[in-house]
Amino acid sequence: MGYLGGFAVTFRQRGKKQRVTREYAKGEGGKRDKPVRLHGRHVLNRYEDGMEKCIGCELCAGVCPARCIYVRGADNDPTDPVSPGERFGFVYEINYLRCIHCDLCVEACPTEAITESKLFEFSFTNRDDAIYTKAELLVDDDGLPQQLPWEDWGDLAEVARNSSAWVRATAPSGDADYIGKVGWSGELGFGVKDPEVGQSAATEDGD
Ligand code: SF4
Ligand code: SF4
C-alpha cells in the first residue's frame, strides 16, 4: 500500500466509533484488588524471632513440576544457627523463566517456609534477573518482601497485611469462624486472612 492508500484508510476511519485503549490494570480508584489466592512471586518466610523457616530439606525442589527450584542444605552452626533445626537452606534459587506458579512447592514444605505472594508485576530484562536467590526471596526483619527494582509491589502495607495468598489444603478454609485468625505459625508479617468467598461478613462481625 502506497502512502495515498494509507491516507485513504485514515479517511475511511474518520467519524467511526473507535475502540478505546484503557490504562493497564486500573479499577475504581486505582488497581483492582487481586484475588485472595492469586499465586505470585514467592517469599521465604522467617519466624518472629528472625530465624529462617527453611531447613533445606529439598522437598519443594523435588515436587516442582517445572524443576525450577534449586536448594542446597547445610548444617547449622550450633553457636550461631540460621534456622531452629539441624539444617538450613544454604542455597535457595527459583528460576522464574520456568515457574508455573502451581504452588506445589508451598504444599510440600513442612515448615511453611516458602509461600507465594500476590506479586505478578515483575518483568526482567535479562535471564540472570529471572533467577531469584535466597537473598532476594527472604523476607526482611519486618517480614516484608525484598523489593527489587523491576517489581511493582504497590501498597506495601497491604502486602504485609495479606500477602500469603495461599492457604494450605488442610487449613479451615471457607469456615467463617477462622476469619481474621492467624493461619500460619508465628510468621513475620503474614498470616491474618481477609474473608474469602463463601465466608459471611455477618459472621465476621459476630452476628
Ligand atoms: S510454584 Fe510450582 S512451578 Fe513454581 S517453583 Fe513452586 S512448584 Fe515449581
Ligand atoms: S522451602 Fe520448605 S520444602 Fe523447600 S527446602 Fe526449605 S523447608 Fe524444605
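Remember, it's 1-based here, ligands and their atoms both numbered in the order they're listed.
For ligand 1 and Ile69, the ligand atoms under 4.0 Å from any heavy atom of the residue are 5 (S). Every atom of ligand 1 with a heavy atom of Asp103 under 4.0 Å away is listed here by number and element: 1 (S), 2 (Fe). For ligand 1, the atoms sitting less than 4.0 Å from at least one non-hydrogen atom of Pro65 are 7 (S), numbered in the order shown with element in parentheses. Counting atoms of ligand 1 from 1 in the listed order, those under 4.0 Å from a heavy atom of His101 are 1 (S), 4 (Fe). Numbered from 1 in the order shown, with element, the atoms of ligand 2 that lie under 4.0 Å from a heavy atom of Glu58 read 5 (S), 8 (Fe). Atoms of ligand 1 lying under 4.0 Å from any heavy atom of Glu116, numbered from 1 in the order shown and given with element: 1 (S). Close contacts of ligand 2 with Tyr92, meaning ligand atoms under 4.0 Å from a residue heavy atom, involve 1 (S), 4 (Fe).
For residue Cys99, an N/O/S atom approaches atom 4 (Fe) of ligand 1 to within less than 2.8 Å.
Among protein heavy atoms, atom 8 (Fe) of ligand 1 sits closest to Cys64 SG, 2.3 Å. Among protein heavy atoms, atom 5 (S) of ligand 1 sits closest to Cys68 SG, 3.4 Å. Atom 2 (Fe) of ligand 1 has as its closest protein heavy atom Cys102 SG, 2.3 Å. Distance from atom 3 (S) of ligand 1 to its nearest protein heavy atom, with residue and atom name: Ile100 N, 3.3 Å.
By the 4.5 Å heavy-atom criterion applied to side chains, Ile94 and Ile114 are counted as neighbours. Two residues are said to be in side-chain contact when any heavy atoms from C-beta on lie closer than 4.5 Å; Tyr92 and Leu137 meet this criterion. The side-chain heavy atoms of Cys54 and Ser83, taken from C-beta on, include no pair separated by under 4.5 Å. Here the side chains of Val71 and Cys60 are in contact, with some heavy-atom distance below 4.5 Å.
Checked by atom type and distance alone, the side chain of Asp140 never pairs as donor or acceptor with a backbone atom of Pro145 at under 3.5 Å. No donor-acceptor pair under 3.5 Å is formed between the side chain of Thr10 and the backbone N or O of Arg14. Not a single donor-acceptor pair under 3.5 Å links the side chain of Asp103 to the backbone N or O of Val106. When atom types are taken as modelled, the side chain of Ser117 and the backbone of Arg41 share a donor-acceptor pair closer than 3.5 angstrom.
The distance between the ring centers of Tyr96 and Phe122 falls below 6.0 angstrom.
For atom 2 (Fe) of ligand 2, protein N, O or S atoms closer than 2.8 Å were enumerated as Cys109 SG, with waters left out.
Rounding to the nearest 0.5 angstrom, the gap separating the CD atom in Glu52 from the OH atom in Tyr47 is 11.0 Å.
Note on ligand 1: His42 sits in its first shell, one or more heavy atoms being nearer than 4.0 Å.
Using a cutoff of 4.0 Å between basic side-chain nitrogens and carboxylate oxygens, Asp141 and Arg46 are scored as salt-bridged.
Residue-level proximity to ligand 1 for His39 is absent, since no heavy atom of it falls below 4.0 angstrom.
Listed by chain and number, the residues in a side-chain contact (heavy atoms from CB on, under 4.5 Å) with Tyr70 are Arg72, Val91, Glu93 (sequence neighbours excluded).
In this structure, Phe88 and Phe90 have perpendicular ring planes: the angle between them is above 60°, well past the 30° mark.
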